Engineer: 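Just passing along the structure, written as structure tokens.
Worth knowing before you read on, the calculation uses all heavy atoms, side chains too, and leaves out hydrogens, waters and symmetry mates. Since the model is a prediction, treat every value here as computed from it, not as a measurement. Counting from 1, the numbers follow the sequence of the chain as shown.
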Amino acid sequence: MNPIRFMVIAALLPAALLLSACGSLPSQPGEPERVEITEETDTARLADAEQTLLGLEEATPFPDLTPSRDIPVGESPPSEDIWGRVRAGMGMPDYRHHPSVQPHIQWHLCRPDFIQRVTARAEPLLHYILEEIEARDLPTELLLLPIVESAYLPFAYSHGRAAGIWQFIPSTGRHFGLKQNWWYDGRRDIHASTTAALDYLQQLNQRFDGDWLLALAAYNAGQGTVARAIQRNERLGRPTDFWSLDLPRETRQYVPKLLALRSLVEDPWAYHVELWPVPDEPYLELVQLDGQLDLAVAARLAGLDLEEVYQLNPGFNRWATDPEGPHHLLLPRDRAPAFREGLAALDASERVVWNRHRIQEGETLIHIARQYRTTVAMLQSTNNIRGSNIRAGQYLLVPSASEPASTYTLTADQRRTQTQARGPAGRVQHQHLVQAGDTFWGLSRRYNVSVQELARWNGMAPGDTLRPGQRLSVWLSSDAGPVASAGPAALQNPAARRQTVNYAVRPGDSLASIGQRFQVSVADIRRWNNLGNGNLIRPGQTLTLYVDVTSQGGGA
């Protein structure tokens, strides 16, 4: 064979094999849909594969950035690049050749832009988080964990109600001191959630005797799940390392995903992977406040766009910081001095605009709070009101935003509105006004959509509570015909006529008598309530029924 031809074939063969493997590779090996994210910017739109990997929510990513310099593939990055510092601090085992890790490495090799796009989005945060990791002498691979959890999307929200780049569920977040209320969600606060996540990871590492793979598995599945798997193997005389445990499918994929990223960052030249060049220098600074501050005022003092203030401080749900704290902001380091100087010179009355509201006949604290985008508790605290009694003619001091609501584009309400406005192609939007007793499951049956779809369209999780008066966006097939939410017109639609009834079983009731009373079949009652043929019903038990309101002749 011609030696030149042989060399060309040898050079092209790895690429050909890679392309062949990429063509047959699933979107992500063993990956369930975990995180729901929405992309706001066209230039930072996720690829289909990334959507499979992650899913979507009410999130807006950091702006897409244009590379300031190119690094030829296969060459070492500049010495000032942060990735060299990450390599120097790695402390987890190298499992790049493990059969459970190899498919995830292959996944990235088939989608080389994914890791670059994610780290470009995360660039403002990486140095700050790395310093927090190093201050505790933890392995620097933990800087990559938010890639697995959330792709570093600050507003990421999962179907399991996990939020933020570290994906804390509500209960675990509260356990680690992450405050969650109308004004603020500490699970999305970059500073607070990073502190909490590293606290949690340190505890897990100690709990499992310094084994980082078990600690990571416990971060994903819960330490009880991992501990029980270890105990089960001990009883059977089997090894108790991560690879030997019978763990949930998601967890068996979760740890290898981080180990795959570790391999790519440790040796990008071997894999011909280009990492986003992140300077090894501080970008963010934590600035302490001494009280509530309008975020539009904060943006003006820092010389930033309001959207950037929200992206760096995604824990704030509303137009201002939480009146009860925490009183801090993360700002670009070069803007912090001017911000502090401007804040010190600012009159207290300018930090938050105050309105003098005269109470009208029939108004309640709830009505007034909604009008000014604040809370009843805030009105009570500010005006020394105990209880909810107010009288027409009295005046209240009410804090309010300095700019129109549309200016604060990344508040919780604005993000949800943006999410609700985006639906699948070829479908028609329908607005549903939530009534007392409505559930995601009941509404999914009514509109013939899945619970997961309904939650995703509204920037929520299936376990979130629906409140009467809340508006939900439902995207129906274009040939489904008009659907009315309430009123006589709704009775023309069979799905809209169906109402949810929670029925408490009475002494002497049977499935047959209940079915006859509500004009539904016994088979439907069994199916709606997961009752097998042998299941008995008991007085006091609650059954969920879906009844046609037009077929009911009177009281139940």
Engineer: Would Asp464 and Tyr157 satisfy side chain to side chain contact (heavy atoms under 4.5 Å, CB included), going step by step from the backbone distance to the final call?
Structural biologist: CA-CA 12 Å; Asp464 287 346; Tyr157 189 61; 2.8 Å; yes
Engineer: Let me confirm one number: the CZ-OG1 distance from Arg370 to Thr375, rounded to the nearest 0.5 Å.
Structural biologist: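 That separation rounds to 12.5 Å.
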Engineer: If we ignore hydrogens and angles and just use 3.5 Å, is the side chain of Thr140 paired with the main-chain N or O of Met90 as donor and acceptor?
Structural biologist: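 Flag set: sc Thr140 to bb Met90 pair under 3.5 Å.
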Engineer: Spell out, as yes or no, whether a donor-acceptor pair under 3.5 Å connects the side chain of Gln202 to the backbone of Asp199.
Structural biologist: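 No, because the side chain of Gln202 does not come within donor-acceptor range (under 3.5 Å) of the backbone of Asp199.
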Engineer: Hey, what do you get for CG (Leu343) to CD (Gln288), rounding to the nearest 0.5 Å?
Structural biologist: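 If we round to the nearest 0.5 Å, Leu343:CG and Gln288:CD are 11.5 Å apart.
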Engineer: Taking the side chain from Thr119 and the backbone from Ala122, do they hold a donor-acceptor pair closer than 3.5 Å?
Structural biologist: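 Flag not set: sc Thr119 to bb Ala122 has no pair under 3.5 Å.
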Engineer: Under a 3.5 Å threshold, yes or no: a donor from one side chain and an acceptor from the other, between Gln253 and His104?
Structural biologist: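 Indeed, the side chains of Gln253 and His104 share at least one donor-acceptor pair under 3.5 Å.
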Engineer: Just so I know, are the side chains of Ser193 and Arg188 near enough to count as touching, which here means a heavy-atom distance under 4.5 Å?
Structural biologist: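 Not touching, per the 4.5 Å side-chain cut-off.
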Engineer: Would His430 and Tyr447 count as a close aromatic pair, with their ring centres under 6.0 Å?
Structural biologist: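 Yes; Tyr447 has its ring centre under 6.0 Å from that of His430.
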Engineer: Does a donor on one side chain and an acceptor on the other come within less than 3.5 Å for Gln292 and His327?
Structural biologist: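 The answer is no; no qualifying pair exists.
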Engineer: Counting N and O atoms only, with roles assigned by atom type, does the side chain of Gln418 sit under 3.5 Å from a partner on the main chain of Arg415, one being a donor and the other an acceptor?
Structural biologist: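 No: the side chain of Gln418 does not pair with the backbone of Arg415.
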Engineer: Pairing donors with acceptors under 3.5 angstrom, does anything connect the side chains of Gln167 and Ser150?
Structural biologist: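 Per modelled atom types, Gln167 and Ser150 side chains form no pair under 3.5 Å.
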Engineer: Quick one: do the Gln420 and Asn458 side chains pair a donor with an acceptor below 3.5 Å?
Structural biologist: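 The criterion, which ignores hydrogens and geometry beyond distance, is satisfied for Asn458 and Gln420.
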Engineer: After noting the C-alpha distance and the side-chain angles of Arg456 and His159, does the key distance pass the side chain to side chain contact (heavy atoms under 4.5 Å, CB included) rule?
Structural biologist: CA-CA 8 Å; Arg456 183 171 66 249; His159 57 73; over 6 Å; no
Engineer: Identify the two heavy atoms, one from Gln311 and one from Pro314, that lie closest to each other, and give their separation to 0.1 Å.
Structural biologist: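 So the minimum-distance heavy-atom pair works out to O-CD, 3.4 Å.
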Engineer: Which value, rounded to the nearest 0.5 Å, describes the distance between Ser473 atom OG and Arg422 atom CZ?
Structural biologist: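 Going from the OG atom of Ser473 to the CZ atom of Arg422 covers 11.0 Å.
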Engineer: Let me see the working for Leu410 and Val309 under side chain to side chain contact (heavy atoms under 4.5 Å, CB included), right down to the final yes or no.
Structural biologist: CA-CA 10 Å; Leu410 292 180; Val309 172; over 6 Å; no
Engineer: Is a donor on one side and an acceptor on the other found under 3.5 Å between the side chain of Asp189 and the backbone of Ala192?
Structural biologist: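 It does hold such a pair.
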Engineer: Under the ring pair (Phe, Tyr, Trp, His ring centres under 6.0 Å) rule, what do His357 and Tyr395 come out as? Steps first, then yes or no, please.
Structural biologist: CA-CA 5 Å; His357 177 85; Tyr395 285 89; 8.5 Å; no
Engineer: Whether the side chain of Glu141 engages the backbone of Gly91 through a donor-acceptor N/O pair (distance < 3.5 Å, no angle test) should be reported.
Structural biologist: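 Yes, the answer is positive, given that a donor and an acceptor are paired below the 3.5 Å cut-off.
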Engineer: Applying side chain to side chain contact (heavy atoms under 4.5 Å, CB included) to Tyr128 and Thr194, what does each step give before you reach the verdict?
Structural biologist: CA-CA 10 Å; Tyr128 182 86; Thr194 297; 5.5 Å; no
Engineer: Can you name the nearest heavy-atom pair linking Ala217 to Val255, along with the distance?
Structural biologist: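 Heavy atoms of Ala217 and Val255 come nearest at N-CG2, 3.8 Å.
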Engineer: Work out which heavy atom in Ile368 is nearest to a heavy atom in Leu379; give both atom names and the distance.
Structural biologist: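 In this case the closest contact between Ile368 and Leu379 is CG2-CD1, 4.0 Å.
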Engineer: Looking at every non-hydrogen atom in both residues, tell me the closest pair between Pro248 and Thr225 and how far apart they are.
Structural biologist: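 That would be CD-CG2, 3.9 Å.
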Engineer: Looking only at side chains, do His191 and Asn313 share a donor and an acceptor under 3.5 Å apart?
Structural biologist: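 No, no side-chain donor-acceptor pair sits under 3.5 Å.
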Engineer: Pairs in or reaching into residues 124-133: which pass salt bridge (Lys or Arg N to Asp or Glu O under 4.0 Å), with residues at least two apart or in two chains?
Structural biologist: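 Checked against salt bridge (Lys or Arg N to Asp or Glu O under 4.0 Å) - neighbours excluded - the pairs reaching residues 124-133 are Arg85-Glu131.
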Engineer: For Asn355, give me all partners under side-chain contact (heavy atoms from CB on, under 4.5 Å), at least two apart in sequence or on another chain.
Structural biologist: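 side-chain contact (heavy atoms from CB on, under 4.5 Å) check on Asn355 returns Val353, Tyr372, Ser400.
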Engineer: Indicate yes or no for a side-chain donor-acceptor contact from Lys179 to the backbone of Gly325 under 3.5 Å, with no hydrogens or angles considered.
Structural biologist: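 Present.
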Engineer: Any Lys/Arg nitrogen of Arg351 or Asp294 sitting under 4.0 Å from an Asp/Glu carboxylate oxygen of the other?
Structural biologist: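 The answer is no: the pair does not qualify as a salt bridge.
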Engineer: Could you tell me the separation between the CD atom of Glu281 and the CG atom of Asp81, rounded to the nearest 0.5 Å?
Structural biologist: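 These two atoms lie 11.0 Å from each other.
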Engineer: Work out which heavy atom in Pro462 is nearest to a heavy atom in Phe440; give both atom names and the distance.
Structural biologist: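 Looking at all heavy atoms of both residues, the closest pair is O-CD1, 3.3 Å.
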Engineer: Are side-chain N/O atoms of Asn181 and Asp322 paired as donor and acceptor at under 3.5 Å?
Structural biologist: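 A donor-acceptor contact under 3.5 Å links the two side chains.
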Engineer: Is there a side-chain contact between Trp276 and Glu123 (heavy atoms, below 4.5 Å)?
Structural biologist: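 Yes; the side chains approach each other to less than 4.5 Å.
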Engineer: Can you name the nearest heavy-atom pair linking Pro124 to Leu312, along with the distance?
Structural biologist: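 The pair with the smallest heavy-atom distance is CB-CD2, 4.1 Å.
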Engineer: Is there a side-chain contact between Leu125 and Leu330, using heavy atoms and a 4.5 Å cut-off?
Structural biologist: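 Leu125 does not reach Leu330 side chain to side chain.
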Engineer: Going through the checks in order, is the salt bridge (charged side-chain N to carboxylate O under 4.0 Å, His left out) test met by Glu285 and Arg340?
Structural biologist: CA-CA 12 Å; Glu285 186 170 331; Arg340 288 193 180 95; 2.8 Å; yes
Engineer: To the nearest 0.5 Å, what is the distance between CZ (Phe339) and CG (Leu329)?
Structural biologist: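 Going from the CZ atom of Phe339 to the CG atom of Leu329 covers 5.0 Å.
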Engineer: Are Asp413 and Arg318 within salt-bridge range, i.e. N to O under 4.0 Å?
Structural biologist: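 A salt bridge is present here (some side-chain N lies under 4.0 Å from a carboxylate O).
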Engineer: Between Thr364 and His367, is there a side-chain donor-acceptor contact under 3.5 Å, judged purely by atom types and distance?
Structural biologist: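 There is such a pair (donor and acceptor under 3.5 Å, judged by atom type) between the side chains of His367 and Thr364.
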Engineer: Is it true that, when you exclude Glu361 itself, more than 12 heavy atoms of the residues, nucleotides or ligands shown sit nearer than 6.0 Å to its CD?
Structural biologist: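 12 or below, so no.
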Engineer: Is there a side-chain contact between Pro256 and Phe242 in this structure, where contact means two heavy atoms from C-beta onward sitting under 4.5 Å apart?
Structural biologist: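 Yes. Closest side-chain heavy atoms under 4.5 Å.
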Engineer: Should we count CD1 of Ile366 as having more than 12 external heavy atoms under 6.0 Å?
Structural biologist: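 Open.
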Engineer: Would you mind telling me which of Phe208, Phe176, Tyr200 makes a ring pair (Phe, Tyr, Trp, His ring centres under 6.0 Å) with Tyr219?
Structural biologist: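 Passing option: Tyr200.
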Engineer: Would you say Ser402 and Trp319 make side-chain contact, with heavy atoms under 4.5 Å?
Structural biologist: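 With C-beta onward as the side chain, the pair stays apart.
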Engineer: Given Asn383, which of Leu365, Leu396, Ile390 fulfils the side chain to side chain contact (heavy atoms under 4.5 Å, CB included) condition?
Structural biologist: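 Output: one option passes, namely Leu396.
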Engineer: Within the 4.5 Å heavy-atom criterion, are Leu264 and Leu275 side-chain neighbours or not?
Structural biologist: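 They are not in contact (no side-chain heavy atoms under 4.5 Å apart), so the answer is no.
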Engineer: Give the ring-plane orientation class for Tyr310 versus Tyr408, where under 30° counts as parallel, over 60° as perpendicular and anything between as tilted.
Structural biologist: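 Perpendicular: the ring planes of Tyr310 and Tyr408 meet at over 60°.
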Engineer: Rounded at 0.5 Å granularity, tell me how far CD1 in Ile190 sits from CG in Leu284.
Structural biologist: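 Ile190 CD1 to Leu284 CG: 8.5 Å, rounded to 0.5 Å.
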Engineer: Salt-bridged, Glu453 to Arg427, with N to O below 4.0 Å?
Structural biologist: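 Salt bridge: yes.
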Engineer: Okay, side chain of Glu341, backbone of Leu301: is any donor-acceptor separation there less than 3.5 Å?
Structural biologist: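 It does not hold such a pair.
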Engineer: Heavy-atom distance under 4.5 Å between the side chains of Arg391 and Ile359, does that happen here?
Structural biologist: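 Result no, sub-4.5 Å side-chain heavy-atom pair not found.
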Engineer: Quick one: does any side-chain atom of Gln180 pair with a main-chain N or O of Arg187 as donor and acceptor, under 3.5 Å?
Structural biologist: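 Side chain of Gln180 to backbone of Arg187, a donor-acceptor pair under 3.5 Å: no, none is there.
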Engineer: Under a 4.0 Å threshold between the charged nitrogen and the carboxylate oxygen, would Glu403 count as salt-bridged to Arg300?
Structural biologist: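 Salt bridge flag = no for Glu403 with Arg300.
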Engineer: Just wondering, do Leu454 and Trp441 contact through their side chains at under 4.5 Å, heavy atoms?
Structural biologist: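 Answer no - side chains too far apart.
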Engineer: Without swapping roles, check the side chain of Thr172 against the backbone of Phe168 for a donor-acceptor pair under 3.5 Å.
Structural biologist: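 No, Thr172 side chain to Phe168 backbone: no donor-acceptor pair under 3.5 Å.
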